[in-house]
2 protein chains.
Amino acid sequence: MLGNPQTAFHVSTRGEYGMRLMVDLARHWQQGTVSLHAVASREDLPEAYLEQLVAVLRKAGLVNGKRGAGGGYTLARDPSAITAGDIVRALEGPIEPQICTAEGDPVLNCIREQDCGTRAVWVKLQSTIAQALDGMTLADLAKEKVTVA
Amino acid sequence: MLGNPQTAFHVSTRGEYGMRLMVDLARHWQQGTVSLHAVASREDLPEAYLEQLVAVLRKAGLVNGKRGAGGGYTLARDPSAITAGDIVRALEGPIEPQICTAEGDPVLNCIREQDCGTRAVWVKLQSTIAQALDGMTLADLAKEKVTVA
DNA sequence: GGATTTCCGAGCACTGCACTCGGAATTCTA
DNA sequence: TAGAATTCCGAGTGCAGTGCTCGGAAATCC
């Protein structure tokens with residue numbers, strides 16, 4: 001797979017592959033564990049790389065792993081209780097267009113000015129992105145054809 | 001200035017500095033040209049680096065440059081006719097969380113599946129981000145205290 | 001005991017970011 | 001007309017993150 005050209009607000013393959021993986025797990029929810037091998041071949045993704053990503057998702061408490069023959073992964077909770085935001089944040093880091101808009105840390109730095117005009121841009125962006133991502137659950141995405149408003 | 005830690009949907013200093021620069025130009029709109037030196041010292045940004053960024057903005061038709069003593073830059077059009085989206089797109093590239101959501105190219109690739117569930121996530125994001133950025137003009141941002149909903 | 005599968009750490013090539021530097025070309029002012 | 005100011009241009013550098021691969025240990029099932 002390739003690296004992507006320069007684009008703003010780009011989600012790297014970490015987020016993309018991770019999302020595909022999680023949707024796949026959601027589709028097999030309550031059907032026992034799913035091996036990475038199965039996911040990788042279904043989604044046509046590099047298995048060894050997925051291993052890295054799923055490790056992060058496990059540490060974030062989004063999936064459970066079970067070792068050994070017949071083992072694999074399952075979602076740690078109901079698909080309706082996991083959002084796209086959870087996944088993106090786990091794999092790509094917190095949603096903060098700029099440092100001065102750190103999530104949960106409302107009035108952090110902006111060293112030079114208190115009310116720099118540009119801050120409004122990043123604050124707006126941060127909330128707008130977070131709302132969009134946190135509003136979509138795996139349950140929604142696991143449906144065959146999705147139409148999000 | 002530093003590089004930033006890993007965050008999702010991160011705007012690099014290109015976008016950040018560029019926005020500060022453009023807001024500064026907007027504040028001095030119709031007061032003649034503004035030299036990069038002035039902007040750099042007012043905004044506390046590395047002048048040589050700004051030079052690179054402003055070159056891109058000029059090629060994108062957002063600013064005009066005038067050489068020589070007393071020269072400098074001016075916005076190429078009225079602040080109300082330049083949006084945050086214009087600036088970000090010029091400096092950081094098009095807004096496309098994933099390739100399959102390329103702006104203006106609605107149903108591009110998504111090689112494997114037509115209706116992959118995850119696509120909905122990136123499509124929604126793309127439009128949500130674009131709307132937010134395209135809805136803010138330099139005229140808005142140039143005001144002293146900004147409160148965007 | 002052997003197959004399967006998760007878990008873990010290391011390593012590597014490539015790209016973009018965040019700058020700096022040196023030097024041209026242009027324009028104003030004294 | 002000299003010189004200062006300023007844009008314009010291309011090259012180069014160090015660092016960090018991306019997108020992988022590989023080898024091997026530990027667990028679990030048959």
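Residue A:Leu141 holds its CG atom at 11.0 Å from CD1 of A:Ile82, rounded to the nearest 0.5 Å. Atom CG of B:Leu53 sits about 9.0 Å away from atom OH of B:Tyr17, to the nearest 0.5 Å.
One atom, OH of A:Tyr49, and another, C1' of C:dG11, lie 15 Å apart when rounded to the nearest Å. Rounding to whole angstrom units, CD of residue B:Glu92 and P of C:dG16 are separated by 13 Å. Rounded to an integer number of Å, the gap from B:Glu47 CD to C:dG22 C1' is 15 Å. Following rounding to the nearest Å, B:Leu53 (CG) and C:dC17 (C1') show an atom-to-atom distance of 11 Å. Taking atom NE2 of A:His37 as the reference point, atom P of C:dT4 lies 10 Å away to the nearest angstrom. Look at CZ on A:Arg20: it is 13 Å from P on D:dG19, rounded to the nearest Å. Going from atom NE2 of B:His10 over to atom C1' of D:dT18 covers 16 Å, rounded to whole Å. With rounding to whole Å, A:Leu50 atom CG is found 15 Å from C:dC7 atom C1'.
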Could you encode protein contacts along nucleotides 8-15 of chain D as a string, one character per nucleotide from 5' to 3', using B for base contact, S for sugar-phosphate-only contact and - for no contact, with a heavy-atom cut-off of under 4.0 Å?
BB-B----
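In this structure a side-chain-to-backbone donor-acceptor pair under 3.5 Å is present from A:Glu92 to A:Gly15.
Scanning all heavy atoms of the two residues, the minimum distance from A:Thr83 to A:Leu133 falls at CB-O, 3.8 Å. For the residue pair A:Tyr73 and A:Gly65, the shortest heavy atom distance occurs at CD2-CA, 3.6 Å. Heavy atoms only, all atoms of each residue included: A:Arg27 and A:Lys143 are closest at NH2-O, 3.6 Å.
Both A:Gly70 and A:Ser12 sit near DNA chain D, but only A:Ser12 has its closest nucleotide nearer the 5' end.
For the pair B:Arg20 and B:Asp44, the salt-bridge criterion is not met [side-chain N within less than 4.0 Å of a carboxylate O].
Residue B:Thr33 places no side-chain N or O under 4.0 Å from the OP1 or OP2 atom of D:dT6. Between B:Thr13 and C:dC17 there is no side-chain N or O to OP1 or OP2 distance below 4.0 Å. Using a 4.0 Å cut-off, some side-chain N or O of A:Tyr17 falls inside it from OP1 or OP2 of D:dC20.
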